[in-house]
*Asks:* 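Provided herewith is a single structure, encoded as structure tokens, for subsequent inquiry.
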Amino acid sequence: MMKIDKAPVPLIVPNPDDPRLTQSVAGTDQTGARVEIKVPMERPLTLYLNAQEIVTMMTIGDYPEYLALGYLLNQNMLKYNDVVTEVEYDDDLQVVVVRTSHHTNFEAKLKKRTQTSGCAQGTAFGDLLEAVESVALPKAELRTSWLYQMTQTINTMPSLYLEAGAIHGCVLCKEGAPLCYTEDVGRHNAVDKIAGWMYRHGVDPSDKILYTTGRLTSEMVIKTVRMGIPILVSRSGFTAWGVDLARQVGLTLVGRTRGKRFIALAGEERIVYDQNLAYVEEESAKHKRKGEGGDD
């Protein structure tokens, strides 16, 4: 059980040694030899807002409280000025309940849903597009020195991806330093955990950068704007609607960030080119990740 009150802001990084998050599975390789590898766990988590069941999510199971809060915030079912009185998680039942000081009823909104392009079948409800159209993102800058420092640090940190694969990561950064690094089977879950962490600890989004290993889709743009973060970066590629939305709302959108390379398709005016590329190393093959040969 977690009471919503003031608390120190913890640094969150992946823990690939957590036995709850992976499972060893035996099989055979291309030569017929027996092998054993680690694969990520995937388990259901049912979310309630007060007495109403909202959704059952497939997740690796870490940080269920942050995931629940972030999901409700990014679906516009919870406002940033709402008072959350309690978040209760039951590990046996795989249920998380978010309780607020005010009455909530989203029966009508739950009937209007869109299955997004996010892996593990992300879902967007109701009025999300309308909710982001009125958002004014803060004026911030993205120094290329921060970008290269950030991507180098993230790519070389221990992670579930490097341990077991088949997983996405999202990282909240300030300048070139990671503050909150979450992973899950769906990138929408990973970013929702960051949203919940920010809400829980009152983290200011105005000078932050959100990094993702996944595609820059409309869903990722909407979630980033909902969180009030002005800059979204990915090692993967773009979708046309994601770019269009980013341009409409003034979000800086940077993709295909690998080694010395990157491409900005929206909000380029925030970028300060202060890094001498002669001092930037190409990405090591040891740390290449999903998407190196494409945009997944």
Side-chain angles (χ1 to χ4, degrees), residues 1-16 18 20-21 40-50 54-91 93-100 118 120 122-124 154 157 159-161 167-174 178-205 208-214 219-220 222-229 232:
M1 184 182 301
M2 181 181 74
K3 291 283 188 180
I4 299 298
D5 52 13
K6 292 183 178 179
V9 180
L11 175 68
I12 290 180
V13 296
N15 181 10
D18 188 336
R20 300 171 301 170
L21 305 183
M41 297 292 289
E42 190 176 10
R43 52 174 64 89
L45 176 67
T46 301
L47 167 61
Y48 284 81
L49 178 56
N50 296 312
I54 301 298
V55 70
T56 295
M57 302 174 278
M58 298 307 297
T59 173
I60 60 175
D62 65 343
Y63 304 113
E65 296 93 346
Y66 292 151
L67 176 57
L69 288 169
Y71 180 90
L72 294 172
L73 289 163
N74 282 336
Q75 294 293 344
N76 203 28
M77 295 180 181
L78 189 65
K79 305 293 191 298
Y80 279 88
N81 58 356
D82 286 343
V83 176
V84 174
T85 58
E86 188 176 53
V87 179
E88 184 177 0
Y89 171 64
D90 189 305
D91 187 56
L93 297 177
Q94 294 294 292
V95 167
V96 60
V97 183
V98 176
R99 295 189 174 90
T100 63
T123 303
I154 292 169
M157 288 176 69
S159 65
L160 283 172
Y161 180 87
I167 206 163
H168 278 289
C170 288
V171 192
L172 184 73
C173 301
K174 180 174 181 179
L179 303 176
C180 182
Y181 185 164
T182 63
E183 294 180 296
D184 214 305
V185 288
R187 61 181 173 269
H188 49 276
N189 284 349
V191 73
D192 285 347
K193 289 176 189 176
I194 290 178
W197 177 84
M198 293 175 65
Y199 173 83
R200 169 76 170 92
H201 301 288
V203 176
D204 180 8
K208 303 301 187 294
I209 304 165
L210 182 63
Y211 174 93
T212 177
T213 58
E219 178 188 32
M220 285 302 297
I222 290 170
K223 286 179 181 289
T224 305
V225 174
R226 282 283 302 155
M227 295 160 68
I229 299 171
L232 175 59

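Computed from heavy atoms alone, side chains included, the values below leave out hydrogens, waters and symmetry copies.
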*Asks:* Find the distance between CG (Leu69) and CG (Asn74) and round it off to the nearest 0.5 Å.
*Replies:* 11.0 Å
*Asks:* Return the CG to NE2 distance between Leu179 and His201, rounded to the nearest 0.5 Å.
*Replies:* 12.0 Å
*Asks:* side-chain contact (heavy atoms from CB on, under 4.5 Å) for Leu172 and Ile229? Distances and angles first, verdict last.
*Replies:* CA-CA 9 Å; Leu172 184 73; Ile229 299 171; 3.6 Å; yes
*Asks:* Begin with the C-alpha distance, continue with both residues' side-chain angles, and end with the deciding distance and a verdict on side-chain contact (heavy atoms from CB on, under 4.5 Å) for Arg226 and Asn76.
*Replies:* CA-CA 8 Å; Arg226 282 283 302 155; Asn76 203 28; 3.2 Å; yes
*Asks:* For Met41 and Arg20, work out which heavy atoms get closest and say how close.
*Replies:* CG-O, 3.3 Å
*Asks:* Pick out which of Val55, Thr56, Leu67 makes a side chain to side chain contact (heavy atoms under 4.5 Å, CB included) with Leu45.
*Replies:* Leu67
*Asks:* What's the separation between atom CG in Leu21 and atom CD1 in Ile60, rounded to the nearest 0.5 Å?
*Replies:* 5.0 Å
*Asks:* Determine whether more than 12 heavy atoms belonging to other residues, nucleotides or ligands lie under 6.0 Å from atom NZ of Lys79.
*Replies:* yes
*Asks:* Report yes if some heavy atom in the side chain of Val203 is under 4.5 Å from a heavy atom in the side chain of Lys208; otherwise report no.
*Replies:* yes
*Asks:* If I take atom NZ from residue Lys193 and atom CG from residue Asp62, how far apart are they, to the nearest 0.5 angstrom?
*Replies:* 3.5 Å
*Asks:* Side chains of His188 and Lys223, heavy atoms from C-beta outward: is any pair under 4.5 Å?
*Replies:* yes
*Asks:* Just by modelled atom types, is the Ala190 backbone N or O under 3.5 Å from a matching donor or acceptor in the Thr182 side chain?
*Replies:* yes
*Asks:* Can you find a heavy atom in the side chain of Met220 that is under 4.5 Å from one in the side chain of Val191?
*Replies:* yes
*Asks:* Nearest 0.5 Å please: distance from the CG atom of Asp82 over to the CG atom of Leu73.
*Replies:* 8.5 Å
*Asks:* Using side-chain heavy atoms (C-beta onward) and a distance below 4.5 Å, is Met227 in contact with Tyr80?
*Replies:* yes
*Asks:* Should Tyr71 and Ile54 count as side-chain neighbours, where that means a heavy-atom distance under 4.5 Å?
*Replies:* yes
*Asks:* Do any N or O atoms from the side chain of Gln75 and from the backbone of Leu72 form a donor-acceptor pair under 3.5 angstrom?
*Replies:* no
*Asks:* Check whether any side-chain heavy atom of Ile154 sits under 4.5 Å from a side-chain heavy atom of Pro178, and report yes or no.
*Replies:* yes
*Asks:* For the pair Ile12 and Tyr181, evaluate side-chain contact (heavy atoms from CB on, under 4.5 Å) and give the outcome as yes or no after the intermediate values.
*Replies:* CA-CA 6 Å; Ile12 290 180; Tyr181 185 164; 5.6 Å; no
*Asks:* Give me the one residue out of Leu49, Val83, Thr85 that meets side chain to side chain contact (heavy atoms under 4.5 Å, CB included) with Thr100.
*Replies:* Leu49
*Asks:* Mind listing the closest non-hydrogen atom pair of Gly61 and Pro64 along with its distance?
*Replies:* O-CD, 3.8 Å
*Asks:* With the side chain counted from C-beta on, respond yes when Met57 and Pro44 share a heavy-atom pair under 4.5 Å apart, and no when they do not.
*Replies:* no
*Asks:* Do Asn189 side-chain atoms and Met58 backbone N/O form a donor-acceptor pair below 3.5 Å?
*Replies:* yes
*Asks:* If you count heavy atoms of other groups shown closer than 6.0 angstrom to CZ of Arg43, is the number above 12?
*Replies:* yes
*Asks:* Would you say the side-chain atoms of Glu183 pair up with the backbone N or O of Ser159, donor to acceptor, closer than 3.5 Å?
*Replies:* no
*Asks:* Measuring from atom CD1 of Ile194 to atom SG of Cys170, what distance do you get when rounded to the nearest 0.5 angstrom?
*Replies:* 5.5 Å
*Asks:* Do Thr59 and Val185 have side-chain heavy atoms sitting under 4.5 Å apart?
*Replies:* no
